[in-house]
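Input: a single structure, listed below in structure tokens.
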Amino acid sequence: MGNTSSMLTQYDIEEVQEHCNNTFSQQEIVSLYQRFCQLDRSGGGFISADEFLSVPEFAVNPLSQRLLRMLDGLNFKEFVAFLSAFSSRATLQQKIEFIFRVYDLDCNGKVTFNDVLDMLRDLTGSYISEQQRQQVLTHVLEEAGYTKDSVLVLADFEKILGNSGLKMEVEVPVD
Amino acid sequence: MSRILLLVVSNRFLQNLGIGMYICFHFGVAGWVLVLTIGWIIFLSAFIPVHFLLRGHEKWRKKMERYLVELICSFFVASWTGVVKYHGPRPSIRPRQQVFVANHTSMIDFIVLEQMTAFAVIMQKHPGWVGLLQSTILESVGCIWFNRSEAKDREILARKLRDHIQVPDNNPLLIFPEGTCVNNHYTVMFKKGAFELGCTVCPIAIKYNKIFVDAFWNSKKQSFTMHLLRLMTSWAVVCDVWYLEPQTLKPGETSIEFAERVRDIISVRAGLRKVPWDGYLKHSRPSPKHTEQKQRIFAESVLRRLEEK
């Protein structure tokens with residue numbers, strides 16, 4: 001009864017730790033596994049999009065549909081790897097890679113003006129006109145030393161976010 | 001059982017342990033069956049005559065029925081070896097208009113509270129044997145039922161609540177304003193109905209100790225019968241109940257703020273974390289309104305920056 005965590009042996013945990021570059025402690029992985037099992041209502045060993053949306057905080061996130069494309073059907077190892085960017089032990093590099101993946105919807109390793117515009121559209125919905133959005137984005141790109149036609153790669157993201165004092169840490173509750 | 005049998009063959013020490021567990025288990029089962037059976041026999045043999053014979057003496061009948069409902073509830077609590085500690089003054093009938101509100105973990109909250117004081121409670125109408133109890137026995141302590149699915153019920157319910165608290169002789173009213181069972185780690189948003197009645201609100205905080213069994217009733221996974229069975233076969237249900245200081249609406253306070261204040265009081269006392277969610281999200285998705293609000297906040301900050309330029 002609620003003792004599913006005991007199904008993970010220390011060996012299993014080490015394997016998961018290795019998979020996520022040791023960004024989580026063993027205790028944290030046990031906690032995450034309990035959460036994973038709670039979310040996996042169908043008990044199939046993976047979390048479907050529908051099950052992710054049962055987390056209200058996630059469902060109301062303007063980026064939830066975008067994130068679901070990265071999340072749908074993850075098993076536990078992949079789930080932990082996905083979350084590892086939010087660990088305090090993850091390097092800045094890992095965090096920036098994660099952010100880049102959120103922007104790079106088509107996974108071609110390049111982020112164009114339109115990719116960023118899509119992101120901004122998700123974030124602001126109908127509260128900004130399309131014209132204003134483009135205006136904002138042109139401003140931002142120019143400020144960072146790019147133009148409307150620039151194609152950004154991961155290295156550009158690293159340059160821009162590298163010393164921005166990026167904070168992206170979530171604590172895993174451990175009991 | 002097969003697991004115990006396996007142990008029996010494998011090891012002599014474990015054999016003794018296995019038999020020990022077997023005996024304990026059977027003793028436990030016999031214990032609660034016995035307690036409940038005796039409870040029901042006593043209760044029914046008293047309740048039925050009281051209910052039908054004392055027709056003319058309403059005051060006496062009410063008093064007896066109230067007492068008997070408290071009695072059967074204590075038998076229920078005893079059947080799952082309830083170790084309940086009550087803190088603070090015991091609620092009672094009093095002429096002042098009042099309503100009691102408590103956090104909600106399982107339907108057993110009601111039984112735990114009922115064994116001390118016969119409350120009239122607001123409940124969702126249940127199917128099956130629980131429904132039968134509702135419409136026969138609990139009706140007599142003045143409990144009020146509603147059907148969540150019927151929108152019209154809302155108005156009728158609000159009127160019934162008002163009528164109930166007007167009569168000083170009625171049993172004190174108990175409301176679980178969360179409107180759904182929560183796992184006893186959090187409190188979800190309170191429905192404001194109880195706080196709009198314009199009477200004193202007496203908070204009750206209930207905290208279960210999960211050392212032997214988790215008292216949370218996950219109605220999606222378990223029927224109430226299975227839930228009760230699980231509690232009965234566990235060693236004990238340990239919980240604390242605090243009757244807290246009565247609160248009244250402060251001048252200038254809205255009923256929503258009042259509800260939040262009372263939720264604060266309960267959460268602090270029971271050591272629960274407050275979350276800003278509507279309990280009904282358990283059954284349905286949050287409305288897109290919430291997402292749009294986030295988008296609006298972000299859009300406003302972007303536009304502000306744009307104007308500064």
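A note on names: the letters A, B, ... follow the listed sequences, proteins ahead of strands, and every chain is numbered from 1.
How far CD1 of B:I297 is from OH of A:Y127: 9.5 Å, rounded to the nearest 0.5 Å.
Among the candidates B:D214, B:T291, B:V275, the residue making the largest number of heavy-atom pairs closer than 4.5 Å to chain A is B:T291. The most heavy-atom pairs under 4.5 Å with chain B, out of A:P62, A:S64, A:A59, come from A:P62. Comparing B:P286, B:P288, B:P276 by heavy-atom pairs within less than 4.5 Å of chain A, the highest count is held by B:P286.
With a 4.5 angstrom heavy-atom cutoff, B:E292 touches chain A via backbone and side-chain atoms both. At a 4.5 Å heavy-atom cutoff, the contact between A:R41 and chain B is made by side-chain atoms alone.
Side chains of B:K294 and A:V60 form a contact here, defined as non-hydrogen atoms less than 4.5 Å apart. In this structure, A:I128 and B:F298 have side chains that are not in contact, with every pair of non-hydrogen atoms separated by 4.5 Å or more. Residues A:D50 and B:R285 meet the side-chain proximity criterion, which asks for heavy atoms closer than 4.5 Å.
Other residues, nucleotides and ligands place more than 12 heavy atoms under 6.0 Å from the CD atom of B:E257. Heavy atoms from other residues, nucleotides or ligands lying under 6.0 Å from NZ of B:K125 number more than 12. Counting heavy atoms of neighbouring residues, nucleotides and ligands inside a 6.0 Å radius, atom CD of A:Q10 does not exceed 12 of them. Summarising the local packing, CE of B:M226 is surrounded by 12 or fewer heavy atoms from other residues, nucleotides or ligands at distances under 6.0 Å.
Here the shortest heavy-atom pairing between B:L306 and A:H139 reads CD1-CD2, 3.7 Å. In terms of heavy atoms, B:Q295 sits closest to A:R121 at NE2-O, 4.4 Å.
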